[in-house]
Structure formats: C-alpha cells, structure tokens
Amino acid sequence: MAESIDLNIISVVGREARVRGLRIETDPNPNLNPTTTPSFAAKPMGSSSKKRSSVAEEQTLATDDSPKPLNKKSKNTAASGDGQQEPSVKPMERKKKRKALDKGRRLTSSHPQPEPVASESKPVPSTAGGALPEFHIGVFKDLAGASEAARQAAAKQMVTELKAVQDAYDAREEKENDEGGFKLEADKDDGLDNCAPSVRYAVRRLIRGVSSSRECARQGFALGLTVLAGTPNIKIDSFLKLVVNLLEVTSSMKGQEAKDCLLGRLFAYGALARSGRLTKEWNIDKNTPYIREFITVLISLANKKRYLQEPAVSIILDLVEKLPVEAVVNHVLEAPGLQEWFEAAIEVGNPDALFLALKLREKISIDSSIFGKLLPNPFSSSQLFSADHLSSLSNCLKESTFCQPRVHSVWPVLINILLPNTILQLEDAASASNSLKKHKKSRKSSSSDEEIARNLQSFCEIIIEGSLLFSSHDRKHLAFDILFLLLQKLPASLLPVVLSNKVVQCMVDVLSAKNTWLYKVAQHFLKQLSDWVGDDDVRRVAVIVAIQKHSNGKFDRVTRTKHVKDFMSQFKTEPGCMLFVQNLINLFVDEGNAVEEPSDQSQTTDENSEIGSIEDKDSPRTNGNSDSLKSWVIESLPSILKFLKLDDEEKFRVQKEILKFLAVQGLFTASLGSEVTSFELQEKFRWPKSPTSNSLCKMCIDQLQLLLANAQKGEGPRPVANSTEPNDLGSYFMKFFGTFCNIPSVSLFRSLDDVDQKAVKNLQAVEARLSKEERSLDCSINANRLHALRYLLIQLLLLVLLSPGEYSEAASELIICCKKAFSGSDLPESSGEDVESDDAPELMDVLVDTLLSLLPQSSPPMRSSIEQVFKYFCGDITDDGLMQMLRVIKKQLKPARHPDTASADDDEDDDDFINIEEEIDQAETGETGESDGQTDDSESVVEVEEADHDHSEASDDDSDSGMDDDAMFRIDTYLAQMFKEKKNQAGGETAHSQLVLFKLRILSLLEIFLHENPGKPQVLLVYSNLAQAFVNPHTAEVSEQLGQRIWGILQKQIFKAKDYPKGDGVHLSTLESLLEKSLKLASKPFKRQKSASKQSAASNRQKMVSSLAQTSTFWILKIIDSRNFSQSELERIIQIFRDVLVGYFESKKSQIKSGFLKEIFRRRPWIGHGVFGFILERCGSAKSDFRRVEALDLVMEIMKSLTSGNSDEQNASKKILKSSLDKLSRLMKELATNVPSKATRRTEVHKFYVKALEMLSKHNLTKHFLKALAPDTEAALEAQLGDQFITLKKLEK
C-alpha cells in the first residue's frame, strides 16, 4: 500500500492539471478532450441538485465537529452501532429521511460557523489510543474548488495523510474500528476490510463526490479516486459494487439526479481505468475476470444514454492503451455484450462503436469476426473505403452530429486511414526537387497513390456528398468540418476530388443567402481554405481552378464576394503565375476530358483527336466547359498582371504565354483535329473539341488588345538600338501571328474578303518595316513615333480581323500616313491611291482625320493607342487639324423644340459675347417647317449681331458656315459611324449621349495637346473654342459631365499651365478680340428663372461662367504683358476697357464687379493709368449713387499705383495726376453737391476726400488742385471737411 501511494503521489498532481470537463485526462489523448460530451459538461449545480441531501452533506461535513456518514441512502434508524444500513429500507423511506435531514440543516444554517481551511479542519480520530495518524476531512471541500492549484494541494494533502494512516493501520496487530465514541460510515460491509477506516471513508466519499455537479467536484474527486483505486488493499470487485450501490439510479429520481448518478459512475470507472489497477491484475493473473467485467459494465452504461457512449468508449480505449495486445485479444474482445454492441451499431447508427472497432483493430492488427459488419474481414483500406462498405457505414457516420460543434472522434481516425502522413511527405519531396531520383520514387509509389485517390473519391462521393450534403443543416455543417480535416493532410493534387461539383455548389447556395445559419459556416470554411493555401502557389491554383470550374466561373458573382479575386491577387512569383496560366489554358481546352493525342510529323494531329471519349460522344457539350467558364478564363488571364510585381524579363515571359493563348483561341482554328505542333515555335497548341463561339473569339481579341495596350503603357525603357530580342510584346505578337498564318492546317477564325486580306498583309509589312526602323534609332522623338504607330497598326489589324469590311479604308489611310511620316524608310509600296499632288492635304490633317474616324467606335485599348500616336505627333498639328476636332466639340444635333424665353435670351447673349451659332443638320433633325422657320429667324439674328463684330482673325468664326464641304462631310461621317456602332448595341444610348461620348474622347486628345504644347499660339485657338462650348447653355443641358470636363481642361491645362502662348505667332488682334469677349462675358446680366430648382442650377452656372470670364481676362492680360507691346499698340486694349466702363456706369444690367476691375488695375497698373481720366469723368456723371460711390474704390486703387514706383515712374505718375486735376475737382464737386442719402455711402465719400488729398500732397500737387477748384466747389469741400480742409489751405498758402 505504501509503495503504491508513493508511486502515485507525484503523478496525481501532474494529472490534475489535465483533468477537464467530464473525464479525467491523465494523457493528452486526442480522443479524450474536454468537450467529449457537451451535454454533460460540468456546470454549476442547479436548484434541483442543490436540494439533494447527499450533496448537501458533502458540502457541509468538513465543517462539522462530529462527522456524519455521507451515503445517498439515509441510515436506517434500526441500524446497528457499526453504521451498516439494512438493505430492506425502501427508496421512498430514504427519500423522506433525506428531506428531513435537509430541513434540519436549513435550520442550523441560520447560525453559521467559520469554515476552517483544509489544513485546520477537524481531524478524524483514528484510534482510542492515538496510534493512527489524523486525517483531515476538510480536504474534500478544497477538492471541489474552482481553483486548480487548490485542488492539486488538496489532493496532495489527502494522499499524504491517507498514506500515513494506512501505513500505521497495516502495522497494527489488532485492526479494530475504535473511533473514539462514534462510528464512521466506513465501517459498513463494503469489501474494504484491509483498508484503514479513514481510507474506507475517503473511497466512499470520493465515489459519491464524482456525482456532484457543484463547481469542479467531479474533476477533483475523480483525481483523488484515481490514486486510491490503485491501492492494492481495495478490491476491484468491491470497488465496482460500491460504484453501483452508492450511485444507484432509481425510478423515483428526477432527470438531473439520474444524470448526475450516471455521470458519477462514468467518472468512477474512468478513475479505475486510469489508476492502472486492471493492468496490474492482468500482470498478476492472466485469467483475471475483472477486465471482462469492467468492459461489460461500461458497455451496459453506454447503452443507457447516448451521451454516455463516447466517453465510455474513451475509457475503454484508455484501458486498452495500457494493456498489451494479448490482454486486449483475450479479455477486451471477449467481454460479454461487446460483440452484440458491434453487431447492432450499423442498424441503430452508432458512431462510437465504429470508433472503438477502428481503434481496437489498430491496436491488435488482427482480423476478427467480433467487429461484425463494422469492419471488412479481411481488413484493408481499399475494402474499408469501398463503395458498398461506406454505404453501410453512412448511417453510423451521419449520427455523429450529436456532439456538434465538436467533431466526433471517429472522423480523425477515418481520415488518418484514408490519407496516411506519407502521401503528403512524398508530394512535398517530389515538388521540392525535379531530379531523376525523385521522379523514380514518385513512379514507384504511383500504385499506392492511385489507391488513395480512389479511396478518397469514394469517401467524398458516398459520405460527404451522398450522406451529409443532402441532409440537414447540422450535417452540412459537419461536412464542412470534415472537409477541413481532409485539407490538413491533403496534397494539392487531390484537391479537385475534395472540392467537387456538389461541394462547390453547396458553398455557392449557402453564400448566396446571407441570412441563413450556414452562411457563417461556409465563410469560416473559406477562411480555413485560405489559411491552408498560405503562400503555396500550387495549392492556390488548385483551389481557384476547382472553385471556378464547378461554378462556371461565377463564384464571386453569385456569392457577391471577392474570394476568387483575393486568391488571384496573391500570386507573387513567375513560376506561380506560369502554373496558373497553364491550368487556365487546360481548363479552357477541357484537357481533363480529353484523351492523349499523338502528333504526326505534318504539324497536325491524326484522326484520334476527333474521336474523344465515350462520355464526349454521349454529351458533346456537357463535358466541355461552358461559355461562362471560358469567358472567365479569358478575362482572368490578363488580369493576373495587375497584381504582379516582377521585373521586366519575368513579366514579359508571363505576357508572352497569355498572348499566345489569346491569339490562338481568338484568331485561329485548326482545320484538322484540335491540336497543332509548330516546329518553328517548338510548341504544341490545342483547341477545345467543340468549336469556339464567335462571342468568345471576340472576347479573346478584346483581351488581346487590352494586353497589348497595357504592355505599351507599362513598358520600361525600350532596348538600345540593334537589340536582337527586345522585350516588345507588339513585335512578338506580329511574329507569332505571321508564323501561325503560314501553318497550312491553321486558318483564321473567320474568312476575309480580298480588300481585308490585302489590308492585313499591308499592315503586317508596314509594321515589320517600322519595327526594323525603330530598332535602328536611339531613344528619340522619331523612335517614340515609330513605336506608337506600330502599336496602332497592330490594334487596327485586330479590328480588321474582328470586324471585316469596316476598317480596311482606315488601315489604308494610316499606311499612307506612315509612308509620309517616314518617307526615307524603305516602306512597301501600295497602289496608286496615294499619289502626291500639289493640293494634297497636310500629313497631320490626314492623320487627325484618320484618328478621328477610328475614335467613335473604338475600344479602350484602341483609344489608348490613338492617344499615344497623337501625343507624339501633336506638336506638328495644323490649325485646320485642331479646328477639325474643335468643331466636333461645338457640334449640336438640334436645338430645343420649345425653348423658353429665358433660354432664347441666353442663346442670343451668348452669341453676342462669344460668337456661338446654332448648328443644325436638317437631315439629322428632321424638324417640321415651323421649326425650320424658327431656326432661320434665330440664325438671321445671329448674323446681324455678328456683323457688328468685325474681327481681323478668321479663326474666331467657328460656326459651320466657316467649314468647307469636306470638313462638314468628315464630321457627319464620324457621327454616322458612332451612331451606327451604338445602334447595334443592346440598349443603345440616345443620339445626344453618343455625341457627348465622342466629344469626351476628343477632349482627351485636346488635353494631351495642351499638356505637350502649353506655349504654342494654337493654345489660344483651343481656348477660344472650348470657352464657346462651355458658355453655350446647350452644353450643360445635354451633359453636366461634358461641361465639367471642359471646365477642368480650361482651368488645369490652360489657365494654370506652367507655360502660356508666346512668340510672334501670338497676334495682338487675336488677344484684343479674346479680351473683349471675356470682359463682355463678365458683364453678362444674369437671367432669373421661374422655378426654384432651375434658379439654383442657373445661379451655379452663372458663377462658373463669371469665374471663367475673370480668369480668362487675367490670363490674356498676362500674355499681352509678356509681348512688351508699345503704348500705341496697347491703345486698343485701353479702349476696350473704356467700353466696358461705359456699360458699368450707364447700365444697371452690367454684372461686372468693381472688385474684378480693381484687381485688374492692381495687377496691370498701365490699364488703370490709361482709363484714370475716363473713370473720373464717368464717375461724376454716373446715374446711381451706388455706382458712383463704388467707383471711388477704382479711383483710389489707380491713385495708389500712381504714388508708387521709382523716380521715373513717379514723374510719369505726377504728370497723369496733374493732367487730371480738373476732372478730379469736378468729381469732388459732384460728390459734395449731391451728397448720398445713405450714411455708409457718405462715410465712403468722406474717406475718399481724405485719401485723395493725402495722395495729392505726396506729389506736391495740393496747390495746383486748390487752384483748379471752383469757388463753389471749394465752399462745398470746406463744408464737408471742415477744419481739415481749412488747415490744408493754410498750409499751401
């Protein structure tokens, strides 16, 4: 006894830390985890259990001075002095006695006594003579505490004291139960005769304690019981009887009471199994009956309640781990009731029986018929996972959902058999090295790999898909949990088996509805899937392909998530990208269903390529991937490049692979079979067995255009001259295209007529020559032009293939431009259509015309190439070329059918200010005769108004009347192309919206021109026309976006540009005309609208127009100042300001602001000096006091500028002031005689007097001023200024 306790003292404290939940965990066994059976987790004791007398006794006995027996059965009043109860006492009588005991304890609880700690609790007197050591029963209270440290300390103290007691008891000759005047409950006939009374008491107390749900009583008491059960003095049969007797379940018990007793038995049996007593018994006696009896008792207990099955099996397995194989075969498997339990498992659906059978078979590694139909006989993994056997086990596995959210222990065992650890290790080793040795090893293990793949396929089809996914939500949840367990051991090569069509469809269905219970389950699984992928590109590719293949490429779209996009954005290396590209190509051509096709030596395949498999014959389109999936593949390939951060060489290699796929699938078809081998390219190319639809071919071409455009934008510095293999994707494409066109068994995806064929050949020839010429040049403007033209030729070639008969003419014109632009190059000759003549248009005019003809129906890649060409050629653009673009910006399809009066007035005012003219195409509008008459009247008014503004520069007249027939025809051609394209599209926009779209594209070209050429005189031409278009009210009515775009170009690219128009090309007459228009626009009266909404919009527009007028005035004046014109040349500028001031003083409708004029005079003092005398005259004769007083600020600003500057400027300023003294005196007379009625205005006039006299005194002109004053004026000033004026007069005298 002493030796046994010594051996267990240290291990007990260590085990205590692992005692959790409902079982005693002495080992980190994965099958014995804290949540084995959630339904009976250790919770705080409920109200019903707190009323039980036995538990109340356990809680309070440690504080009683005289310990009382703690039996669930009350003592019989007729019991003898040894404390044994009579077995004839009925359960109802015991229940009454327990209630009486509870009542007595409640009465005594009103006088509580302080509870001593375990070390200070009252000891149990063991002998009358004091020979036996004392045992403090207070340790039982600490064993049930929530503190783990307290439980460990209590267990250690209990073991230490009981060891001393038992040692002393064993040393006595007479073993009598002398308890010092009272009898303990341990004196009953319980088979513990060889134990000391304190040990007997402790065993019984601990057995009763494991049934308590108070705090951590089960864990603590089971820990103590584990140690005591290992004592040889305690007989096993007596221990088993005590468990049954002390934890008896009767029909009168309530549900919680019965549950506590059953759980108490479970913990008691677990303590016995963990104690090692059964193993010792077998070592002593190989024929011991206790192991069979123990197994039978556990099986019987497991049959009582479902929640007892799994922990009971765990206890059996805990015992099996300690027993040798011989004992397991002869005792465990031969236990009565075990075989019957196995046989009934399949019918009732018992996953715990299956779990036990698998673990026992793993332990003994011997086939046995005792497992019944649970395990195949003979046993093998292929037999276990065969379709028939898995179907028989499906009922057992489906019933394992009772322990959710925890996964039942049977699943990890099955998965370990299904996926041995060696398979993952072998794959990792094979992927880590490409050596011949590793490949040989891989071939040797191919048979086992195939068997594992078959087993996994069967398991997923029958169990995951057939049993769980098509069942309840709980089982779907379980299916996702099992899939995650599979992922942890799954090689990437087997992922398509796990992420099958039904699994992916289930995820799609769940994720498409966020309000379902399974939504978070599926989200969590995808998060686990992402964690499993990590940084492994092989896994990432497998996941993306599996998900998209079984969702037809619509996973993100249907689920409204970004999981696939996030996976694709995580490729960081070239090998990973190449692997992904190759898998997508295989997915597109449906390689998974294709048979291996041998190639012959004629660059084509034989007839085997057309045979296919039997499945293909049955459903020619079902096995092939859908157009939706193929569309996703086409769109995804170029999008990979968005997230890549590779160097130029690596990125170029990825681009080449994508380009080859898009070109092959979009531009070509194989006339023989579905596979072609090119000896020149040294590569094999495949097509899907089913013909690719025209829509997919068009998508391939669109993506090919986008790929080339992005490559052109993202190119680094181009290679130096004479480079043999430049990283030029466009050049590579043209070579690839030419090579494929020369393969006899390959043809274009659609037939071309002679004109288009000729255009394609010419484009190829010109591009090849331009490419050669580009490589011979260094990085210069000509090299950039050649490069941009080459990519435009490539884009145009793709358009000719995509839309036969529409672009051959544009291709011919572009080829002519290339020849003229690089006449020195050895370009191929064409037909005589481009013969030079004296009246031939300029190169840039033809190029602009060609670009504009391509622009209306161009795709984004085509527009990008057009913009690149225009960027490098816009420096040579002519005025006619610019006007060709600007006319489109100002083009209006038709006026409003019923314009209101205010709009009509606005139109007339705009025509007056900016020379805007209505442009109406009778053929397009189709208006009635009445509308035509209205239009004629409007145009006649415009013509009369324009006759009053005879400007020297013809370019200011930008109406359609200034166009020649060719220009009108070209614009109408552009619009017709655009309308035709939009009309063919489903849900095409209106004519106005199409025109706005065309204008926005042209504005992009104009923005490029302004950015590249900010200092050219042509900027004035662009500004003039854009300002007209912006001021035109139809622009805002048709599209607010168009107005905002024009506004942004004017502000950023013109007014705030780093440079401004300079040089002799900037004529003063042009600047004068623009300045006059801007000032008139700033004076434009504001038309009020009737409705509040229109009034608000009109007010905002008026503010923008006013801001445009003011900003443009400052900008024009800056240009005028930079030219250093003579004073005589600037006289016209001064006159323009005088005309504006006339309207300012005489018309109340003038909206020009005095602050604006004041700022002009501050920035350009020479303008103020030129109009100083004029302002003095007009200010005195102003029709309103408001204008007169407001104009005083202008006078003061000019006089302030006259008082500053150097000596020469001071002399000139003094002359100006001196010559204007008469006018100043008359103004003061007017102000003095016509005093403003408002006090604020009178204050402003008084300030003017004072400041004017101060400035005159600075120039010593006060005396001259006083002489110029008339007597009445002098009297009026004296009356206004008083002593201040009198003092001034005295000083001058």
Side-chain angles (χ1 to χ4, degrees), residues 730 734 752-774 777 781-801 803-858 862-863 865-885 964-967 969-974 976-977 1002 1005:
M734 293 303 290
L752 301 177
D753 57 19
D754 295 339
V755 177
D756 288 332
Q757 285 182 359
K758 182 179 179 182
V760 169
K761 291 181 179 179
N762 288 337
L763 288 170
Q764 285 180 274
V766 173
E767 192 279 334
R769 185 57 198 165
L770 291 181
S771 178
K772 182 179 179 181
E773 186 72 18
E774 179 189 354
L777 299 174
I781 182 64
N782 285 334
N784 292 331
R785 288 182 172 186
L786 286 167
H787 192 74
L789 276 175
R790 283 184 46 245
Y791 271 85
L792 182 58
L793 290 171
I794 297 171
Q795 295 285 355
L796 191 55
L797 183 145
L798 292 174
L799 286 180
V800 172
L801 297 174
S803 304
E806 295 185 14
Y807 291 96
S808 56
E809 182 179 355
S812 300
E813 292 179 358
L814 187 59
I815 291 173
I816 294 173
C817 293
C818 293
K819 293 177 181 179
K820 288 186 176 182
F822 304 98
S823 56
S825 302
D826 185 18
L827 294 178
E829 297 294 335
S830 61
S831 61
E833 298 175 357
D834 56 333
V835 177
E836 294 288 342
S837 61
D838 295 337
D839 57 349
E842 294 288 338
L843 167 64
M844 279 307 302
D845 293 343
V846 178
L847 182 59
V848 169
D849 182 66
T850 304
L851 296 180
L852 293 183
S853 66
L854 294 172
L855 203 57
Q857 50 186 331
S858 60
M862 186 66 179
R863 290 198 298 273
S865 296
I866 291 173
E867 291 172 0
Q868 289 294 318
V869 171
F870 187 79
K871 174 183 178 181
Y872 293 113
F873 281 90
C874 65
D876 299 335
I877 195 169
T878 63
D879 290 351
D880 291 339
L882 278 177
M883 285 307 305
Q884 197 171 342
M885 302 166 66
D964 55 13
D965 293 339
D966 292 339
F969 177 76
R970 282 195 297 269
I971 291 181
D972 293 341
T973 303
Y974 305 151
Q977 291 175 351
I1002 293 181
L1005 299 182

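The shown structure was predicted, so the numbers you read here are calculated from the model rather than taken from an experiment.
Between Y872 and A788, the shortest heavy-atom distance links the atoms CD1-CB, 3.9 Å. Nearest heavy atoms, G881 versus V848: O-CG1, 3.9 Å.
Among residues two or more places apart in sequence or in another chain, the side chain to side chain donor-acceptor pair (under 3.5 Å) test is passed with E813 by T850. In this view, D876 and R785 satisfy the side chain to side chain donor-acceptor pair (under 3.5 Å) rule, not counting sequence neighbours. Not counting sequence neighbours, the partners of Q757 by the side-chain contact (heavy atoms from CB on, under 4.5 Å) test are L752, D754. Looking at residues two or more places apart in sequence or on another chain, you find no side chain to side chain donor-acceptor pair (under 3.5 Å) involving S858. In this structure I1002 satisfies the side-chain contact (heavy atoms from CB on, under 4.5 Å) test together with L852, L855, M885, V888, I889, F998, L1006, sequence neighbours excluded. Remark: N782 engages no residue in a side chain to side chain donor-acceptor pair (under 3.5 Å) (not counting sequence neighbours).
The only member of D845, D849, T878 that meets side chain to side chain donor-acceptor pair (under 3.5 Å) when paired with Q884 is D849.
The line from CD of E842 to CG of D879 is 11.0 Å long, rounded to the nearest 0.5 Å. Here SG of C874 is found 9.0 Å from CG of L882. Values are rounded to the nearest 0.5 Å. In this structure, the separation between CG on L799 and CE on M862 is 5.0 Å, given to the nearest 0.5 Å. To the nearest 0.5 angstrom, S865 atom OG is 10.0 Å from L796 atom CG. Taking CG of L777 as the start and NZ of K772 as the end, the distance is 12.5 Å to the nearest 0.5 Å. Taking NZ of K758 as the reference point, atom OG of S808 lies at 10.5 Å (rounded to 0.5 Å).
With contacts defined as side-chain heavy-atom distances shorter than 4.5 Å, the pair L851/L792 qualifies. Side-chain atoms of E767 and L763, non-hydrogen and from C-beta on, never get closer than 4.5 Å to each other. In this structure, the side chains of F873 and L789 come closer than 4.5 Å at one or more pairs of heavy atoms. You'll find the side chain of L847 reaches within 4.5 Å of the side chain of L814, heavy atoms only. Within the 4.5 Å cutoff, the side chain of H787 has no heavy atoms near those of the L770 side chain. Side-chain contact between L793 and C818 is present, with heavy atoms from C-beta onward closer than 4.5 Å. Side-chain contact between L797 and M734 is present, with at least one heavy-atom pair separated by less than 4.5 Å.
Within the 3.5 Å criterion, the main-chain N or O of G730 finds a donor-acceptor partner in the side chain of Y791.
E773 has a carboxylate O that lies under 4.0 Å from a charged side-chain N of R769, or vice versa, which qualifies the two as a salt bridge.
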